[in-house]
Amino acid sequence: MHRWSKLFIPTLREAPADAEVASHKFLLRAGYIRQLGAGLYNYLFLATRSLNKIMAIVREEMDTIGQEFYLPGLLPKEPWEESGRWGAIGENMFRLKDRRGADLCLGFTHEEIMTGIARGELRSYKQLPQIWYQIQTKFRDEPRPKSGLLRVRQFIMKDSYSFDLDEAGLDRSFNQHDKVYRAIFSRCGLRFVAVEADSGAMGGSQSQEFMVYTDAGEDLIASCPVCSYAANLEKAVSRLGPLEEMAATGDGKPELVHTPGCAAISDVAAFFKISPASDIKCVAYMAERGFRGEGHEKWLPVAVFLRGDHSVNEAKLLGLLSASELRPMQAEELAKYFRGPAGYLGPVGLRPKETANPGSSPLEFAGGGDVIVVVDKSLEGRQNMVCGANQLDYHLRNVAPGRDFSWTLAADIRNVNEGEGCPSPGCAGKLVVGKAVEVGHIFKLGTKYSNSLGLRVLDENGKEVTPIMGSYGIGIERILTAAIEQSNDANGFWLPVSIAPFTVVVTITNVADAALRATGENLARDLEAAGLDVLLDDRDDRAGVKFKDADLVGIPYRINVGKKASAGQVELVTRATSTSVDVVLSEAVALVKKRVQEEILLEESD
RNA sequence: CGGGGCGUAGCGCAGUCUGGUAGCGCAUCUGCUUUGGGAGCAGAGGGUCGUGGGUUCAAAUCCCUCCGCCCCGACCA
């Protein structure tokens with residue numbers, strides 16, 4: 001039996017000053033974790049119990065579709081060179097040398113290693129499909145660790161990898177993961193949503209994230225309250241409402257207008273008495289293609305045009321250009337490519353580069369032209385717009401995209417705004433945007449790794465084929481942090497029974513009273529015999545101290561053994577609702593069991 | 001890496017501007033009282049003031065170096 005008096009549960013009355021988000025504060029205060037360094041935490045007793053329960057659920061569910069492995073965290077360079085990621089990943093990978101000077105890294109993710117195993121062993125289509133997974137420590141040299149366990153440099157991940165013969169097989173593996181992930185997060189008591197996600201510059205056809213809404217999260221999610229549409233803002237699209245075009249002036253051709261001091265969109269809109277939606281905003285970037293090392297292309301000029309009331313989504317732009325990095329153009333570059341200053345940039349008169357291979361990825365650009373001109377789709381077909389004239393203090397009006405200027409690419413590169421129309425066909429809902437934390441991600445990889453590492457099997461015709469892969473991740477600590485973020489108050493937090501370090505704490509209000517003590521001991525033993533995880537608070541402290549601690553540390557149920565015990569009664573407190581009921585001592589075990597059972601059923605039915 | 005902030009007892013902080021005995025609350029230890037919402041009284045322990053250097057009779061305090069941590073921006077579980 002676990003006796004609080006013998007355990008190391010260092011609770012804090014005050015949170016350390018540098019903890020900002022709720023989960024970070026409470027994990028520290030409740031004695032779950034202690035910080036070792038930036039993005040590095042020691043997990044103490046309670047955290048370890050909770051994480052073990054989470055991993056047990058993950059394992060149980062994953063075992064229904066896959067096989068558990070355990071790979072090294074310390075990895076040689078060679079597989080990463082074969083895939084090209086030794087150079088591509090850059091600073092985010094921890095690198096080291098062994099005593100002989102050989103390059104090694106700390107495991108960041110394991111596509112290369114799993115694919116290497118497959119390459120060495122898989123020979124026939126008859127051996128497919130395979131789903132291999134592991135629960136293992138990952139190391140990432142994050143540019144900025146933050147928010148306690150939410151973003152760290154060492155964390156536990158369940159990662160799995162699927163190998164299939166064809167697209168249909170990949171669909172099955174992907175859907176199996178989708179189903180299993182939903183079961184895992186439900187059983188962990190999370191209120192989550194599955195959203196469409198960006199698959200990044202790496203290609204890949206489909207990508208879905210599992211998100212838990214919380215202000216501590218770093219992602220923005222657009223979702224429709226009417227239908228089931230939900231997407232990461234990096235990927236989200238929307239339907240725009242109808243717009244009234246401005247009337248043309250003069251002969252309807254572009255007309256130069258003196259607009260002194262009107263550098264900002266709001267100034268321009270006020271000057272012309274138009275809505276920002278009728279103004280063309282310009283954002284000028286330099287884009288880097290390829291990655292440092294091989295195949296590196298130097299900075300390319302990119303001019304992005306979109307509606308004045310819209311903003312550029314850099315993730316979409318990166319994907320569109322197959323670029324690895326973006327930075328704003330500097331003043332000399334603006335002068336070179338636009339011959340005009342910031343605030344008065346416009347598309348008219350630019351010479352757009354042409355794409356050498358329209359529609360394919362990665363895009364290549366033909367010679368000729370000065371700058372890659374990207375136009376947001378919402379500008380297509382517009383009339384009589386206002387834009388910068390590429391000279392100080394002048395704008396153009398009566399500008400029609402397509403008639404008065406052309407472009408290299410027209411695509412969706414803007415951020416969705418809250419209130420815009422849901423993109424689902426026939427849906428009239430208006431999108432809402434909320435912050436969320438990512439707890440899982442499932443991803444169709446395609447043949448990137450099987451190709452680069454040379455994984456082939458023979459199909460039924462004896463022909464060599466390249467298996468198609470998926471990769472799938474769950475952040476174990478993030479399940480715990482997300483659970484805390486979604487269930488806390490001023491006094492502490494409460495975890496779902498499934499992942500709480502203990503299910504019930506038996507609080508003996510006064511251990512100096514031998515009768516109370518005996519009652520508490522017996523009750524705790526009976527609860528344990530009934531299969532519950534019990535913590536007996538037998539500390540020689542005042543009742544108030546023990547109540548405060550119990551409220552703090554995330555245990556969902558508490559039984560007070562106190563003044564009514566002599567009358568054969570104890571008190572069952574439900575932390576989530578802060579409500580208590582008196583219960584006859586002899587019925588206490590059954591009641592707790594019933595509550596726990598109900599909660600588990602509720603979570604599993606989500 | 002760019003920008004902002006911080007580093008003084010286990011935790012939260014004051015002291016730094018204006019150099020001169022290192023302090024407060026909580027926690028800890030001992031004793032007595034108390035015992036259903038972070039007890040009271042009495043006593044005690046605990047500090048290379050992040051590091052290194054400089055200025056000075058004298059540095060937590062002024063100057064420089066380095067290190068660490070937190071927050072805001074580009075990455076991801």
Side-chain angles (χ1 to χ4, degrees), chain A residues 10-21 24-25 28-29 31 34-40 54 58 89-93 108-109 135-160 181 197-198 200-202 207 209-212 217-219 232 234 285 288 314-315 318 324-328 437-443 471-482 491-492 507-513 516 539-552 558 560-565 570-571 573 578 580:
Chain A
T11 57
L12 300 173
R13 192 180 283 217
E14 292 174 281
D18 49 15
E20 297 258 321
V21 303
H24 188 197
K25 275 184 203 154
L28 286 166
R29 282 194 58 202
R34 287 294 183 264
Q35 183 167 26
L36 181 61
L40 298 171
I54 293 168
V58 169
I89 285 180
E91 307 290 336
N92 258 25
M93 184 149 81
F108 175 94
T109 172
I135 297 174
Q136 195 230 27
T137 302
K138 295 285 186 275
F139 300 89
R140 295 185 184 179
D141 195 356
E142 288 288 335
R144 191 155 84 83
K146 58 182 283 200
S147 306
L149 292 191
L150 229 39
R151 177 163 225 81
V152 288
R153 296 196 291 176
Q154 170 178 338
F155 61 99
I156 306 170
M157 178 156 101
K158 187 292 298 175
D159 48 322
S160 46
Y181 274 37
D198 181 31
M202 293 296 195
S207 167
E209 292 168 333
F210 294 86
M211 313 291 283
V212 174
E218 302 179 88
D219 287 274
N232 195 307
E234 292 176 351
Y285 291 102
E288 189 176 32
E314 295 189 357
L318 280 170
S324 54
E325 215 170 315
L326 289 173
R327 65 165 172 81
V437 60
E438 179 184 0
V439 292
H441 196 164
I442 60 179
F443 199 104
S471 88
Y472 316 86
I474 289 179
I476 301 297
E477 291 92 336
R478 280 196 181 170
I479 292 182
L480 175 60
T481 52
N491 296 321
T507 303
I508 300 170
T509 56
N510 182 0
V511 293
D513 182 327
L516 278 191
R539 290 176 297 169
D540 183 13
D541 263 306
R542 298 169 66 85
V545 172
K546 296 194 252 194
F547 293 160
K548 288 286 188 191
D549 270 346
D551 285 347
L552 176 63
R558 178 173 95 221
N560 293 333
V561 179
K563 47 196 179 191
K564 293 170 217 153
V570 292
E571 204 171 39
V573 183
S578 297
S580 70

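Residue numbers start from 1 in every chain, and the chains themselves are labelled A, B, ... in the order their sequence lines are given, proteins ahead of strands. Note that the structure is a prediction, hence the values are computed from the model and not measured.
Across all strands, A:D513 comes closer than 4.0 Å to no nucleic acid atom at all (heavy-atom distances). Across all strands shown, A:R34 has no heavy atoms under 4.0 Å from either base or sugar-phosphate atoms. At the heavy-atom level, A:K138 lies nowhere under 4.0 Å from the strands shown. A:V437 comes within contact range of no nucleotide atom at all, as no heavy-atom separation falls under 4.0 Å. Residue contacts shown for A:S147 are limited to sugar-phosphate atoms, with no base heavy atom under 4.0 Å away. Using a 4.0 Å heavy-atom distance criterion, A:E142 is classed as a base contact. Residue A:P328 is out of contact with every strand shown, counting any heavy-atom pair closer than 4.0 Å.
Both A:G475 and A:A19 sit near RNA chain B, but only A:A19 has its closest nucleotide nearer the 5' end. Both A:G148 and A:L552 lie close to RNA chain B; mapped to their nearest nucleotides by heavy-atom distance, the more 5′-ward contact belongs to A:L552.
The CG-C1' distance, from A:D159 to B:A77, rounds to 10 Å in whole Å. Atoms CG (A:L150) and P (B:C71) sit 11 Å apart, rounded to a whole Å. Separating the CD atom of A:E209 from the P atom of B:C76 is a distance of 11 Å, rounded to the nearest angstrom. Nucleotide B:C69 holds its P atom 13 Å from the CZ atom of A:R144, rounded to whole Å. Put simply, CZ on A:R539 is 15 Å from C1' on B:A39, counting in whole angstrom units. In this structure, A:E91 places its CD atom 14 Å from P of B:C76, rounding to the nearest Å.
OP1 or OP2 of B:C72 sits under 4.0 Å from a side-chain N or O of A:K146. Distances shorter than 4.0 Å separate none of the side-chain N or O atoms of A:R13 from OP1 or OP2 on B:C26. Side-chain nitrogen and oxygen atoms of A:Q35 include none within less than 4.0 Å of the OP1 or OP2 phosphate oxygen of B:G68.
Here the CG atom belonging to A:L12 is positioned 13.5 Å from the NZ atom belonging to A:K25, to the nearest 0.5 angstrom. Distance check, rounded to the nearest 0.5 Å: NZ of A:K546 to CG of A:N560 gives 10.0 Å. Within the model, atoms CG of A:D549 and CG of A:D541 stand 8.0 Å from one another, a figure rounded to the nearest 0.5 Å. Here A:I135 contributes atom CD1 and A:K158 contributes atom NZ; the two are 8.5 Å apart, rounded to the nearest 0.5 Å. Expressed to the nearest 0.5 Å, how far NE2 of A:H441 lies from OH of A:Y181 amounts to 10.0 Å. Atom CG in A:D540 sits 11.0 Å away from atom CD1 in A:I508 (nearest 0.5 Å).
Taking a pair to require two hydrogen-bonding distances under 3.5 Å in either a Watson-Crick or a G-U wobble arrangement, B:G10 pairs with B:C26. Pair assignment for B:C66 gives B:G50, based on Watson-Crick or G-U wobble hydrogen-bonding distances that are each under 3.5 Å. Remark: B:G73 base-pairs with B:C1; criterion is Watson-Crick or G-U wobble with both hydrogen-bond distances under 3.5 Å. When Watson-Crick and G-U wobble pairs are counted only if both distances are under 3.5 Å, B:G38 pairs with no nucleotide at all. Within the shown strands, nothing qualifies as a pairing partner of B:G45 under the Watson-Crick or G-U definition with both distances less than 3.5 Å. As the counterpart of B:U56, no nucleotide is assigned, since no Watson-Crick or G-U wobble pattern has both distances under 3.5 Å.
Applying side-chain contact (heavy atoms from CB on, under 4.5 Å) to A:F547 and the options A:L552, A:N491, A:V573, A:T507 leaves one that passes, A:T507.
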Please produce a list of atom pairs where a protein N or O lies less than 3.5 Å from an N or O of nucleotides 40-46 of chain B.
none

Under 3.5 Å, which N/O atoms of the protein pair with N/O atoms of nucleotides 10-16 of chain B?
from: B:G12; atom 1: OP1; to: A:A17; atom 2: N; distance (Å): 2.6
from: B:G12; atom 1: O2'; to: A:E14; atom 2: OE2; distance (Å): 3.4

Anything under 3.5 Å between a protein N or O and an N or O of nucleotides 4-6 of chain B, put it in a table, one pair a line.
none

Grab the N/O contacts between the protein and nucleotides 50-52 of chain B below 3.5 Å, and write none if there aren't any.
none

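As rounded to the nearest Å, B:G25 and B:G68 have C1' atoms that lie 27 Å from one another. B:U21 sits 15 Å from B:G47 when the C1' atoms are compared, rounded to a whole Å. When the P atom is compared between B:U33 and B:C17, the two are found 50 Å apart, to the nearest whole Å. Between B:A22 and B:G12, the two P atoms lie 24 Å apart (nearest whole Å). Across the P atoms, B:G54 and B:U65 are found 15 Å apart, a figure rounded to whole Å. When the C1' atom is compared between B:G4 and B:G15, the two are found 24 Å apart, to the nearest whole Å. Rounded to whole Å, the separation between the C1' atoms of B:U51 and B:C11 comes to 23 Å. When the C1' atom is compared between B:G10 and B:A27, the two are found 7 Å apart, to the nearest whole Å.
For A:R151 and B:C75, a side-chain-to-base donor-acceptor distance below 3.5 Å is present, hydrogens and geometry of angles not being considered.
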Revision key, fill the gap. With B for base contact, S for sugar-phosphate-only contact and - for none (protein heavy atoms under 4.0 Å), nucleotides 31-37 of chain B reads ---BSBB
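Evaluation of the side chain to side chain donor-acceptor pair (under 3.5 Å) rule for A:R542 yields no partner, not counting sequence neighbours.
Distance from the side chain of A:N92 is smallest for B:C75 among the nucleotides B:C71, B:C26, B:C75. If you check B:C70, B:A77, B:C26 against the side chain of A:M157, the one that comes closest is B:A77.
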Point to revise | Criterion side-chain contact (heavy atoms from CB on, under 4.5 Å) on A:D141 and A:R153, from CA distance to verdict | key: CA-CA 6 Å; A:D141 195 356; A:R153 296 196 291 176; 3.6 Å; yes
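Here the shortest heavy-atom pairing between A:E142 and A:N92 reads CA-OD1, 4.3 Å.
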